[in-house]
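Because the structure is predicted, anything quoted here is derived from the model rather than measured. Proteins come first, then strands; the chains are lettered A, B, ... in the order of their sequence lines, and each starts at number 1.
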Amino acid sequence: MTAALLLLADGRFPAGGHAHSGGAAAAVAAGTVTDVPSLERFLLGRLHTVGLTAAGLAAAAARTADPAELAELDRATEARTPSAALRAVSRRLGRQLLRAARAGWPADAGLAALPAGTHHPVVLGTAARAAGLTDRRAAELAVHEAVSGPATAALRLLGLDPYQLVAVLARLAPQLDLVAERAATATRLPAASAPLLDLYGERYDSWKVKLFAS
Amino acid sequence: MGVSAGPARIEAELDGRGRTVLPVLAGAGPVALRQWRRPPPGEPAEVAMVGSMAGPLGGDRYGVRVTVGPGARLRVTSVAATVSLPGDGPAHCTLELSVAPGGLLDWRPEPVVAAAGSHLLLETRVELAAGAALLLREEQVLGRRHDWTSGAGPGRLTATLTVRQDGVEILAQQTDLGPGAPGWDGPAVLGPHRALGQLLAVHRPLHPPEEEAAPDGGAVLLTLPGSGARLLTALAPDALLLRRLLTGREGPAHREADGTGATQRQAQPACAGRLPRLSSEAR
């Protein structure tokens, strides 16, 4: 099933993630992410907070095809996203991913039954299950997205050295595995949150001109 | 082994004449409870939590359970900041707050301060009936001034807040701050700030922050899922500046309804780790 995992994790998979910075654009504008070391600390915090939470939701969604349970996970995502702006982003990303996933696995009843506007982690978990992947793989996909999207956005915004960024991502790789493991084995759905990311998400939403949608 | 105590309990209900009374007011472990005044009809009963021991110390387990009955109104404060101190492993504090239809809970204790070497697991569970009103303030302060000047740094605070409204979860969040929590002082979580505060209002007025905030701090007003629920989240360098961001946001409607004396008392910034004096009106 490795090929399906790589397909879903590929930046060229048309799920719209490239248009979002996960708070990195706002952090760059606020002057708190300015270079490679501050970006690394940003990514580490993001991974262990909203990354863990998204991974927990995605893993739980990968374990079920029951529409009632998936609706419950959608409400859980809602409760774990206090910023209305970020809830809207998550639904938009969910919609784009759902379209791509239905194209990839058209026979999957779970994907077909997901309502439009389902939150991104729930769609991600469902897409992983439809592709024959385990809950642990769904969690890995979620933590990968939680880190790689913002990393690429910051690279572009700050004009960083891409080789230094590779070094950062390679250093973080064991942490990604750790967080995915925690998310997939958690007995209670994680709800880890990051106050600055909520603040950035809400404020960035009101900007008139922006390079990234979030 | 630390203190292990069942929860202190407060139960508020309406008597036959529209007055809020407290049939249960039972301190436990490190939490003693004092009723400050018997309210006239329509106004909240007021209870202050008094720390009867130092701490919590690592290893302690304690909690508070509050039940507000239909139509009853209750305000709970504390007379001093709670200073979490090191000991035998983490300390556990569980707050269970429930409000029945038409009831109001105004829960505004002083800050929790994580002293060097401490670890407090603070779990707050709120259960609201449809139409129940809530004002909840939570302030977390990383380290005492002494912890910073001595170079010891702060302790760790792992705080979970879950709110259910009419049986549906509308907020679930956990902040894990302080040494041992990956990335806690990085630019995604707290950045340079050392105090985090929240004011949660459900079916109560809550106003957006007035001041033009610094791009990486200040306060932001969030609209939660559910009915009439909003959350003001604020980040500040210290407890005093944090209190300033959270003061007065609950709005004039609240003051009119609940009496101005109490509002003034709330407005005094707490100095973390020092016991604020009871104002004369409070005795």
Exercise for the section: Measure L171(B) against the heavy atoms of chain A and call it side chain, backbone, both or neither at under 4.5 Å. Expected result: both
Completion exercise
What one should report as the nearest heavy-atom pair of R203(A) and G218(B) is NH2-C, 4.1 Å
Practice task
Carefully, step by step, assess R188(A) and T160(B) under the rule side-chain contact (heavy atoms from CB on, under 4.5 Å).
Solution key: CA-CA 12 Å; R188(A) 217 164 111 174; T160(B) 309; 3.7 Å; yes
Handout entry: Enclosure of R145(B) CZ (heavy-atom neighbours >12, cutoff 6.0 Å)
Key = no
Problem - CZ/R102(A): more than 12 non-hydrogen atoms of other groups inside 6.0 Å - result: yes
Problem - Contact class of L196(B) relative to chain A, heavy atoms under 4.5 angstrom - result: side chain
Exercise for the section: Taking the side chain as every heavy atom from C-beta outward, state whether T233(B) and D198(A) have any atom pair closer than 4.5 Å. Expected result: no
Completion exercise
Greatest number of non-hydrogen atom pairs under 4.5 angstrom with chain B, of A30(A), A27(A), A29(A), falls to A30(A)
Problem - Neighbourhood of chain B inside residues 64-94 of chain A, taking heavy atoms under 4.5 Å as contact - result: R75(A), A76(A), E78(A), A79(A), R80(A), P82(A), S83(A), A84(A), R87(A)
Problem - Under 4.5 Å from a heavy atom of chain A, the part of V168(B) involved - result: side chain
Handout entry: Greater than 12 external heavy atoms within 6.0 Å of R136(A)'s CZ
Key = yes
Problem - Part of L177(B) within contact of chain A (heavy atom distance under 4.5 Å) - result: neither
Handout entry: For E127(B), side-chain contact (heavy atoms from CB on, under 4.5 Å) partners two or more places apart
Key = S98(B), R164(B)
Problem - For L235(B) against L199(A), the heavy-atom pair lying closest together - result: CD1-CD1, 4.0 Å
Handout entry: Close contacts, residues 39-47 of chain A versus chain B, judged by heavy atoms under 4.5 Å
Key = R41(A), F42(A), L44(A), G45(A), R46(A)
Handout entry: Contact residues of residues 183-195 of chain B (partner chain A; heavy-atom separation under 4.5 angstrom)
Key = G183(B), D185(B), G186(B), P187(B), A188(B), V189(B), L190(B), G191(B)
Practice task
Show your reasoning for whether salt bridge (Lys or Arg N to Asp or Glu O under 4.0 Å) applies to E202(A) and R230(B).
Solution key: CA-CA 13 Å; E202(A) 200 71 14; R230(B) 290 197 288 176; over 6 Å; no
